[in-house]
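Read the structure below first, then the notes.
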Number of protein chains: 2
Amino acid sequence: MLSPAEADQVFSALADATRRDILRRAMAGSEGVAELAERYPMSFAAVQKHVAVLERAGLVAKERAGRRKLVVTQVERLKQAQRLLDEYEALWRGRIERMSDILEGPQGGAA
Amino acid sequence: MLSPAEADQVFSALADATRRDILRRAMAGSEGVAELAERYPMSFAAVQKHVAVLERAGLVAKERAGRRKLVVTQVERLKQAQRLLDEYEALWRGRIERMSDILEGPQGGAA
DNA sequence: CATTGATACAACCTACTGGTTGTATGACGG
DNA sequence: CCGTCATACAACCAGTAGGTTGTATCAATG
């Protein structure tokens, strides 16, 4: 669903509070880069770079709106990341079950 | 649930394929650092550093077992990350509802 | 078509990351 | 207690990330 390289990109994009905030604001999809930039204590270009990171990770896209470009989150990528974490958690549950098997002894044990 | 700084640590820990793999292996919780290290094409010390990153992020802990230390994943942190992504997705759903409100027109509109 | 507003991009700097090797600590076996 | 296995840590290096400023493109407007 997410290749290892894509997962790298998605998680490292999420590993920055400013980018997570941009992602949240981009849910509404009504702000351009300039509007976003006003909200953070850094230069316009810095915010632009953050948006570019999110875009490369597939977490947002830009839509032309006149002379602006609106930043909108791509919720599908977010869901893919969720699913990856779900898989890990499923593995964990599997581990518990396997441990239970062991604790219940070899009655139904290996052939 | 996760402070911004903690979220930074968790996601940046997850943003590396080797570390995600270690995390999965650590679900079984029966391997020490040395056993893990054998599986990756890098030095023991490099794997040790990856484990340290996961540990600082709270995603794994080490349990002493004789002269070894077993690396075990802390599933609670994983769940906290999941919940964070759930929150984002909930925001998205909220956006959809708000958009529907708008599309349905101002019958119940602003006072 | 010149100006202005919004975005993009390049060059640069500093700090951190991911890897290396080498050395030190800690726990068990003889 | 001496050796050895397992882990930890420090020093170092190359590459990348996150910030800066400055310049260039692109679209609307007079």
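Treat the numbers as computed from the prediction; the structure is a model and nothing was measured. A note on names: the letters A, B, ... follow the listed sequences, proteins ahead of strands, and every chain is numbered from 1.
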With a 4.5 Å cut-off on side-chain heavy-atom distances among I, L, V, M, F, W and Y, is there a chain of contacts connecting A/Leu78 to A/Val72?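 In one cluster with A/Leu78: A/Val72, no.
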Please list, in numerical order, the residues of residues 8-24 of chain B that have a heavy atom closer than 4.0 Å to any atom of DNA chain D.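 Those residues whose heavy atoms fall under 4.0 Å from DNA chain D, taken from residues 8-24 of chain B, amount to none.
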Name every residue in residues 62-69 of chain A that has at least one heavy atom under 4.0 Å from any atom of DNA chain D, in order of residue number, or write none if there are no such residues.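 Per residue number, the list reads A/Arg64, A/Gly66, A/Arg67.
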Taking the side chain of B/Met42 as heavy atoms from C-beta outward, which of D/dT20, D/dA6, C/dT20 is closest to it?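 Given the options D/dT20, D/dA6, C/dT20, the side chain of B/Met42 is closest to C/dT20.
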Counting heavy atoms from C-beta on, name the nucleotide in C/dA8, D/dT7, C/dG18 closest to the side chain of A/Val33.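 Selected nucleotide (nearest to the side chain): C/dA8.
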Do you know the tightest heavy-atom contact between [X] and [Y]?
{"X": "A/Ile22", "Y": "A/Tyr40", "value": "N-OH, 3.5 Å"}
{"X": "B/Ala81", "Y": "B/Val10", "value": "CB-CG1, 4.0 Å"}
{"X": "A/Met27", "Y": "B/Tyr88", "value": "CE-O, 3.2 Å"}
{"X": "B/Gly32", "Y": "B/Leu70", "value": "N-CD2, 3.9 Å"}
{"X": "A/Leu84", "Y": "A/Leu2", "value": "CD1-CD1, 4.2 Å"}

Extract all donor-acceptor atom pairs below 3.5 Å that involve side chains of residues 46-63 of chain B and protein atoms in other chains or at least two apart in sequence.
{"from": "B/His50", "atom 1": "ND1", "to": "B/Arg19", "atom 2": "NH1", "distance (Å)": "3.2"}
{"from": "B/Glu55", "atom 1": "OE1", "to": "B/Lys62", "atom 2": "NZ", "distance (Å)": "3.1"}

Identify, with sequence neighbours excluded, every residue that meets side chain to side chain contact (heavy atoms under 4.5 Å, CB included) alongside B/Glu89.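 With sequence neighbours excluded, B/Glu89 shows a side chain to side chain contact (heavy atoms under 4.5 Å, CB included) to A/Val75, A/Lys79, A/Gln82, B/Arg93, given in chain and number order.
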Reckon B/Ala46 touches a base, only the sugar-phosphate, or nothing at all at heavy-atom distances under 4.0 Å?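 B/Ala46: base contact, heavy atoms under 4.0 Å.
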Using a strict threshold of under 4.0 Å (side-chain N to carboxylate O), is an ion pair present between B/Glu6 and B/Arg77?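 So B/Arg77 pairs with B/Glu6 through a salt bridge.
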Between A/Glu35 and A/Arg25, is there a salt bridge with N-O shorter than 4.0 Å?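 Result for this pair is no, no salt bridge flagged.
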side-chain N/O B/Ser43 vs C/dT20 OP1/OP2, d < 4.0 Å: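 Answer yes for this pair, as a side-chain N or O of B/Ser43 is under 4.0 Å from OP1 or OP2.
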Between A/Arg83 and A/Gln80, is any side-chain donor less than 3.5 angstrom from a side-chain acceptor?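 Per modelled atom types, A/Arg83 and A/Gln80 side chains form no pair under 3.5 Å.
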Between the side chain of A/Arg64 and the main-chain N/O of A/Gly66, is any donor-acceptor distance below 3.5 Å?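 Yes: the side chain of A/Arg64 pairs with the backbone of A/Gly66.
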How sharply is the helix from C/dC1-D/dG30 to C/dG30-D/dC1 bent, taking the axes over five pairs at either end and rounding to 10 degrees?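 So the angle between the two local helix axes works out to 20°.
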Which atom pairs link the protein and nucleotides 9-14 of chain D when you take only N or O atoms and keep those under 3.5 Å?
none

Report yes if some heavy atom in the side chain of A/Phe44 is under 4.5 Å from a heavy atom in the side chain of A/Val33; otherwise report no.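 The answer is yes; the side chains approach within 4.5 Å.
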Starting at the 5' end of DNA chain C, which residue's closest nucleotide do you reach first, B/Pro41 or B/Arg56?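 Going by which nucleotide is closer to the 5' end, it is B/Arg56.
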